[in-house]
*Asks:* 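Would you mind keeping the following structure in view while I ask a few things?
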Amino acid sequence: MYNHQEIEKKWQEIWARERVYQTKTDQSKPKYYILDMFPYPSGAGLHVGHPKGYIATDILARLKMMQGFNVLHPMGFDAFGLPAENYAIKNKLHPKIATDENIATYKRQLSILGFSYDWDREVSTIDPEYYKWTQWIFLQMYKRGLAFESNEPINWCPSCKTGLANEDLEDGKCERCSTPVIQKPLRQWVLRITDYADRLLDDLDKLPGWEDSIKEMQRNWIGRSEGAEVDFKIKDSEQKIKVFTTRIDTIFGCTYIVVAPENSLVTELKEKIENWSEVALYIEECQSKTDLQRTDLNKEKTGVCLKGVKAINPFNQEEVDIFIADYVLNSYGTGAVMAVPAHDERDFAFAKKFGTRIKAVIFPDEQSEYEGKGAYIADGLLRNSGEFTGLSSPVARQEMIAYLEKNNLGAKKVNFKIKDWVFSRQRYWGEPIPLIHCPQCGVVPVPEEELPLLLPEVKSYEPTDTGESPLALISDWVQTTCPQCGGPAKRETNTMPQWAGSCWYYLRYIDPHNDQALVDKGLEKYWSPVDFYVGGAEHATRHLIYARFWHKFLFDIGVVNYEEPFTKLQHVGLIMGEDGRKMSKRWGNVINPDEIVSQYGADALRVYEMFMGPFDQACNWNTNGLIGVRKFLEKVYNLGELDNFQEVKEVKSLLHKTIKKVSADIESFCFNTAVSALMILVNEIVEVKNKISALPLTKEDFFKLLQILSPFAPHISEELAESLGYTGSIFASTWPQYDENLIKDEKINLVIQVNGKLRATLLASAEITEEAALELARQEKLVSKWLTDKEIVKVIFVPGKLLNIVVK
RNA sequence: GCCGCGGUGGCGGAAUUGGUAGACGCGCUGGACUUAAAAUCCAGUUGUAGCGAUACAGUGCGGGUUCGAUUCCCGCCCGCGGCACCA
């Protein structure tokens, strides 16, 4: 009887005792670094969805081990973050205590799944020895001018007097008290990721191992767009409005200007604006909207005309109105646009609502007229455009930019959608930012030898009612002396965002106990870069861009020797509940892996999660499916109880085909078809066994079957290999090779079609010629009846596969 | 709204480059074994018509390209992930 509990416990103890998975570092062998996105240890523990990616990397790690690689396959915890802090606030408990408990739970839950992690290399982002280096990297960025202070808005609940995460908002209102949230500017630290925008974009082309969809998302996130900045003079004033446009060719159709409500220009023009009270009211309304709400193409456009001021189009000297409207964002481009309603959909919708003029200047050809229905947004030929009339859009763009530059009215400009990274949080549970504010010397870094700057103990974890971090209330921590002049100074009280720790953890695993690992780099050369990185698609943009940014910075300062951290990237699809919804306490559809492991076994859970569907696709949990996999493992176990072996040629051939398929499918992450191939092999063995009352394989071949099963189901494979008489771990054995001669088929099913419709499949030699195939087909009644009284127009022959006879 | 991904039997899914649609698993139906049940084994299982051989239809919807389309192109519908302070 297959007693999974006994077997799994036994082998997990042996693996730990014999240190089977200790990372080997003799550099004579090739290396393979397989990385999981490390988890945030939440209080809810693991559900069956979490380990899906870990099972996949474990299978790959075990394959690579058996293929003779030194494998680095570590695990750790990304442990700073809001949930632990919220838990601490609610329960008046130090977040470290809750986090440590959660980590212990996660480790216990992971350990019973039989992973090959080398726990000697565990890292945790909240460990001061770890965040010392997070702080160190930040300081290097600061010293090179990549970190700067800026007033940036946070979500502010005026009633709770607290900053809120986007997640804590409901419909733009505070989740707790339903007060509309406003955008309150606060002094923040910001990282100049935009300095790296071009490299982050261009180097995507150097990553053939990344999925195209994720590269595409990153390209769009970085959002490079080429255009021009143009100065519109304000009438009777020295002031100018600078606008950014990618469609300078439409500028003769500009009928007004739109400025973002929060653009400082608006307050600068206050004296001239005749309807200031109306304008001020609109600006206030905008404070409660998110960018997402503001830029929704479908929503009703809102805005206010600034009465009493006009701007002048530098190309035709026309006077145009100036509006403020929330569909223009201050954070993109110059915070102002020229509006061309005839050639831009948002401008068109706005113009219709506010009754502004619509002037068409781009036409698909010389004859067409503009009918006033919607915007014509494509390129075309210019009309009514002064000296540029008659040019095509692309040519006009070049010549108009040249005109701007010649006359000092503007210039060519590349803009990025990516914004500089607001890197501070007014929170407790994060890495302290190691900077000091000195009234004499300004901002001074904490000296590197004083790192880590420890997170101090506080009485209350709540943000203060000024919006500052709770650290601001600990005056004996805040008050310090300036490292430069020795005078009294204050510490920075903001902390880093959760993303910080995950930007470089893959480097820490390489040498986790060496305090100088980042600066002395012996092993880094051997293990880097990460060969295979697996994690959720939700990280496609932020984490993966942030980590690439930090890595490029570390490359620039000589800490790492290569420009991209992750050679191959694969995203994992979610496991949903049986009801098709995300697993969540709220829906009561959470499946706990502990119960599944105890009832059906870790091997069954592992094989099932790989069998459920394509690895990168979301899939619903189904316990019946798991039972099917369990039955498959029982069949394998029962085969192991036989001790008479009798080789059968067909079975041997199928074994070799399966070795080929499983090896290839693991490398390409097609685990579902690999498991299916293993099931087909085992079914065949069972069927033949029932006929001949012996195992239709040699002992050596049965061991090969166990080897190709072992990455998926390591415990049962070890157990059966042992009872077969093999000593030592199966994972120390060499992955089997398939024999090309054994997998060749002599006969094939040749598909015969008439006019593309299947009419017969005929058994034929794999080498059959077109003539012979046609002759064979004519003799077959099922085919010939479709050929009578018809003329053969064409014959299509795909050797070894198909014959299609086209008749009339 | 914008960006990315997906839609195939009763269900999860397979079809490696445009070449037999439905592998494998679940479920269901029938049978063997059993006093009986469970377990196991065997057979069947896209729909329609037919005793059957077989024929026709069929991969979200509507068009197109092709000897041939689940696969490529155009236009829609629906679901999922992300949208910068959840990680």
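So that the names make sense, note that chain A is the first sequence line, chain B the second, and so on, each numbered from 1.
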*Asks:* Need one value for A:Asn620: base, sugar-phosphate or nothing, where a base atom within 4.0 Å counts as base even if backbone is also close, heavy atoms only.
*Replies:*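 Here A:Asn620 touches no strand at all.
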*Asks:* Mark yes or no for whether A:Asn804, through its side chain, and A:Gly756, through its backbone, hold a donor-acceptor pair below 3.5 Å.
*Replies:*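 Judged by distance alone, yes, a pair lies under 3.5 Å.
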*Asks:* Quick one: list whatever passes salt bridge (charged side-chain N to carboxylate O under 4.0 Å, His left out) with A:Lys660, sequence neighbours left out.
*Replies:*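 For A:Lys660, no residue satisfies salt bridge (charged side-chain N to carboxylate O under 4.0 Å, His left out) once neighbours in sequence are set aside.
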*Asks:* Among the nucleotides B:A55, B:C86, B:C67, which one has an atom lying closest to any side-chain atom of A:Lys785?
*Replies:*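 Among B:A55, B:C86, B:C67, the one nearest the side chain of A:Lys785 is B:A55.
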*Asks:* Just the atom pairs and distances: protein N or O near nucleotides 78-82 of chain B's N or O, under 3.5 Å.
*Replies:*
residue: B:G82; atom: O3'; partner: A:Arg542; partner atom: NH2; Å: 2.9

*Asks:* Looking at residues at least two apart in the chain, or sitting in another chain, which of them share a side-chain hydrogen bond (donor to acceptor under 3.5 Å, both in side chains) with A:Glu149?
*Replies:*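 A:Glu149 satisfies side-chain hydrogen bond (donor to acceptor under 3.5 Å, both in side chains) with A:Arg187 once adjacent residues are dropped.
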*Asks:* Could you list the protein-to-nucleotides 24-27 of chain B atom pairs, N/O on both sides, closer than 3.5 Å?
*Replies:*
residue: B:C24; atom: O4'; partner: A:Ser676; partner atom: OG; Å: 3.3
residue: B:G25; atom: OP1; partner: A:Asn683; partner atom: ND2; Å: 2.9

*Asks:* Look at the side-chain N and O atoms of A:Lys419 and state whether any lies under 4.0 Å from the OP1 or OP2 oxygen of B:A84.
*Replies:*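 For A:Lys419, the contact criterion (side-chain N or O under 4.0 Å from OP1 or OP2 of B:A84) is not met.
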*Asks:* Could you tell me whether A:Ser331 contacts a base, only the sugar-phosphate backbone, or nothing, with contacts defined as non-hydrogen atoms closer than 4.0 Å?
*Replies:*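 No contact at all - A:Ser331 keeps every heavy atom at 4.0 Å or more from the nucleic acid.
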*Asks:* Go through the structure and list residues passing side-chain hydrogen bond (donor to acceptor under 3.5 Å, both in side chains) with A:Glu667, not counting sequence neighbours.
*Replies:*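 Counting only residues at least two positions away or on another chain, A:Glu667 forms a side-chain hydrogen bond (donor to acceptor under 3.5 Å, both in side chains) with A:Lys64.
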*Asks:* Which residues pass the salt bridge (charged side-chain N to carboxylate O under 4.0 Å, His left out) test with A:Lys689, not counting sequence neighbours?
*Replies:*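 If we apply the salt bridge (charged side-chain N to carboxylate O under 4.0 Å, His left out) test to A:Lys689, skipping adjacent residues, there are no hits.
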*Asks:* Quick one: which protein N/O atoms are closer than 3.5 Å to N/O atoms of nucleotides 57-60 of chain B? Pair and distance per line, please.
*Replies:*
residue: B:A57; atom: OP2; partner: A:Lys757; partner atom: NZ; Å: 2.8

*Asks:* Once you apply a heavy-atom cut-off of 4.0 Å, does A:Pro39 come out as touching a base, just sugar-phosphate, or nothing?
*Replies:*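 Nothing, no nucleic acid heavy atom in range.
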*Asks:* Pairs of donor and acceptor atoms involving the side chains of residues 44-55 of chain A, under 3.5 Å and at least two apart or interchain, shall be tabulated with distances.
*Replies:*
residue: A:His47; atom: ND1; partner: A:Gly49; partner atom: N; Å: 2.8
residue: A:His50; atom: ND1; partner: A:His47; partner atom: N; Å: 2.9
residue: A:His50; atom: ND1; partner: A:His47; partner atom: O; Å: 3.4
residue: A:Lys52; atom: NZ; partner: A:Gly573; partner atom: O; Å: 3.0
residue: A:Lys52; atom: NZ; partner: A:Phe615; partner atom: O; Å: 3.1
residue: A:Lys52; atom: NZ; partner: A:Gln617; partner atom: O; Å: 3.4

*Asks:* Could you work out which one of B:G6, B:C41, B:C86 sits closest to the side chain of A:Asn690?
*Replies:*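 Closest of the options to the side chain of A:Asn690: B:C41.
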*Asks:* Inspect the contact between A:Glu216 and A:Arg219 and indicate whether a charged nitrogen and a carboxylate oxygen are less than 4.0 angstrom apart.
*Replies:*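 Salt bridge flag = yes for A:Glu216 with A:Arg219.
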*Asks:* Restricting to pairs with a member in residues 790-808 of chain A, which pass salt bridge (charged side-chain N to carboxylate O under 4.0 Å, His left out), not counting sequence neighbours?
*Replies:*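 Every pair satisfying salt bridge (charged side-chain N to carboxylate O under 4.0 Å, His left out) with a residue in residues 790-808 of chain A: there are none.
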*Asks:* So how far is it from A:Gln188 CD to A:Phe423 CZ, rounded to the nearest 0.5 Å?
*Replies:*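 If we round to the nearest 0.5 Å, A:Gln188:CD and A:Phe423:CZ are 12.0 Å apart.
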*Asks:* So which of residues 181-194 of chain A are in contact with RNA chain B, with a heavy-atom cut-off of under 4.0 Å?
*Replies:*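 Contacting residues: A:Gln188.
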*Asks:* Give A:Asp168 one of three labels, base, sugar-phosphate or nothing, depending on what nucleic acid heavy atoms sit under 4.0 Å from its own.
*Replies:*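 Here A:Asp168 touches no strand at all.
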*Asks:* Distances under 3.5 Å only, N/O to N/O: pair up the protein atoms with those of nucleotides 15-22 of chain B.
*Replies:*
residue: B:G19; atom: N2; partner: A:Gln753; partner atom: OE1; Å: 3.1
residue: B:G19; atom: N2; partner: A:Asn804; partner atom: ND2; Å: 3.3

*Asks:* Under 4.0 Å between a side-chain nitrogen and a carboxylate oxygen: does that hold for A:Lys744 and A:Glu740?
*Replies:*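 A:Glu740 and A:Lys744: not salt-bridged.
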*Asks:* With syn defined as a glycosidic angle within 90° of 0 and anti as everything else, classify B:G81.
*Replies:*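 Here B:G81 takes the anti form, which means its glycosidic angle is more than 90° from 0.
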*Asks:* Should stems be defined as at least three consecutive Watson-Crick or G-U pairs with both distances under 3.5 angstrom, which of them involve RNA chain B?
*Replies:*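 Stem segments, range with range: B:1-7 with B:77-83, B:10-12 with B:24-26, B:27-32 with B:40-45, B:46-49 with B:54-57, B:60-64 with B:72-76.
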*Asks:* Atom CD of A:Gln617 to atom P of B:C5: distance rounded to whole Å?
*Replies:*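 From A:Gln617 CD to B:C5 P: 13 Å.
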*Asks:* Counting any heavy atom closer than 4.0 Å, what does A:Trp621 reach on the DNA or RNA strands: base, sugar-phosphate only, or nothing?
*Replies:*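 Nothing, no heavy atom under 4.0 Å.
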*Asks:* On the nucleotide B:G68, are OP1 or OP2 found under 4.0 Å from the side-chain N or O atoms that A:Arg759 carries?
*Replies:*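 No.
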